[in-house]
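Atoms within each ligand, like the ligands themselves, are counted from 1 in listed order.
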Amino acid sequence: MLSLIIRRSLRADSARLRARLLLAMTAAGLLSACGDGASEVQTFVVDVQVTLPETFAQSAAAGARVLLTSTERNVTDTVVADAQGLARFPRVLPGSYIIASSLALDPDRALALTGQRAALTLNALDPARAIVTAPTGPFAQRLSGSRLGDLVIKEVYYSASRTPSGGTYFSDQFVEIYNNATDTVYADGLLIADAFGPAGQINPTTVPTPLQSQTGSVFVSSIYQIPGTGRQHPIAPGRSIVIAQDGIDHRNDPNGNPASPVNLASADWETFNLRPDGRDLDSPSVPNLTRVVHRGGFDWLMPVFGPGLVIFRSANVAALDSTLVPGTTGTWVTRVPNELVVDAFEALQNGNSAAYKRIPAALDAGFVFATGTYTSESARRRIATTIGTRRVLRDSNNSSADFEILARPTPRGFAAP
Ligand SMILES: [Ca+2]
Ligand SMILES: [Ca+2]
């Protein structure tokens, strides 16, 4: 019967391929004489063990589709992996194969495995696997795959601090960006910007931004960018980067505030606004973000009443539209279309400030607020679940639900320093 299978499969092949296969079988010493004079060839049991990415909650890729394709015969067999992620091909002819696996996760299964409710397709490929002797064990296939845009704003310390004598100090503000995905994400080129508009009824004449009605875009004042050529600044799953306004130990630096809650001397980046008067401090130990557009203060200052922030990507940030804010004579903003936004965060002055929202609801349906200004409070994204040691942060595109206000910031961590 086996020889029949061989003959049938060879019939359609060219004489050259047939010669190659027979040569391979001879070399492997696999030919044996048959009673009718035809040759019978040995076949192998081939097992493929499919596993999920290392950062997932389980290892076995149950239900993965495994495709074994003969490169000589251009024939594909498909087997669905069992509950242990094992796919067994019972009769494999000697030859060269492509082994490919795929697994489509629906939102519920993705949630259980990754902590995020979003459909996901995983893949693995072994493009050239020679099988000329009986395998001694299963061939391993490790699936990989990730959604795009899995960087999230993890923490925003905007309220700033009081000095021991009761003065105000805001150079210790920072933003932390976290890789909420299951694969490494590169920060290269990531853009960060602050939404234009007041955070609430700061004074009796304050009105919400007139750009609120344009819900398809975020209108931003200053834009800074993480440098890099594409793969220079990896962020591993469950890790983060800290962007300081000034990358110094604010508690001990002569320019700092002994009552500041943070040491940012080991921040990953700082915003540096080069000015003729040198008023912004350039910490030598912390690399500077690229200043794309700077409108406003002597540094990239977040409103202590509450900022709206976006992180976004654009292949050509210089080409984004700038527009004059209606009702002003010289206030310019840059329009960032919603579809470029990777994540958004909004804090407003207090619980009655909803009318002042600057971030469109499609990107962030809520807002968070501190008890006041210069309180050292920090807004941090809540933890949705923990898989292994990796925290998966809540991301429902609603800062009201996703963030909580902490009494003290927790840069690059989850415990107070
Ligand atoms: Ca700075
Ligand atoms: Ca610096």
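Expressed to the nearest 10°, the angle at the Ca ion (ligand 1) joining OD1 in D280 with OD2 in D299 is 70°. Geometry at the Ca ion (ligand 1): OD1/D246 and O/Q245 form an angle of 70°, nearest 10 degrees. Geometry at the Ca ion (ligand 2): O/S283 and OD1/N288 form an angle of 180°, nearest 10 degrees.
Metal site remark for the Ca ion (ligand 1): T271 contributes an N, O or S atom at a distance under 3.0 Å. At least one N, O or S atom of V286 sits under 3.0 Å from the Ca ion (ligand 2).
Per residue D282, closest N, O or S atom to the Ca ion (ligand 2): atom name OD1. For E270, the N/O/S atom at the shortest distance from the Ca ion (ligand 2) is named OE2.
Under 3.5 Å, the side chains of R408 and Y157 contain no donor-acceptor pair of N or O atoms.
Taking the charged nitrogens against the carboxylate oxygens, R291 and D280 have no contact shorter than 4.0 Å, which rules out a salt bridge. A salt bridge is defined here as a Lys NZ or Arg NE, NH1 or NH2 lying under 4.0 Å from an Asp or Glu carboxylate O, and E54 with R142 meets this definition. In summary, R412 and E176 do not engage in a salt bridge, as defined by a charged side-chain N under 4.0 Å from a carboxylate O. Salt-bridge check for R279 with D277: failed, with every basic side-chain N at 4.0 Å or more from each acidic carboxylate O.
Between Y224 and W300, the two ring planes are tilted [angle within 30° to 60°].
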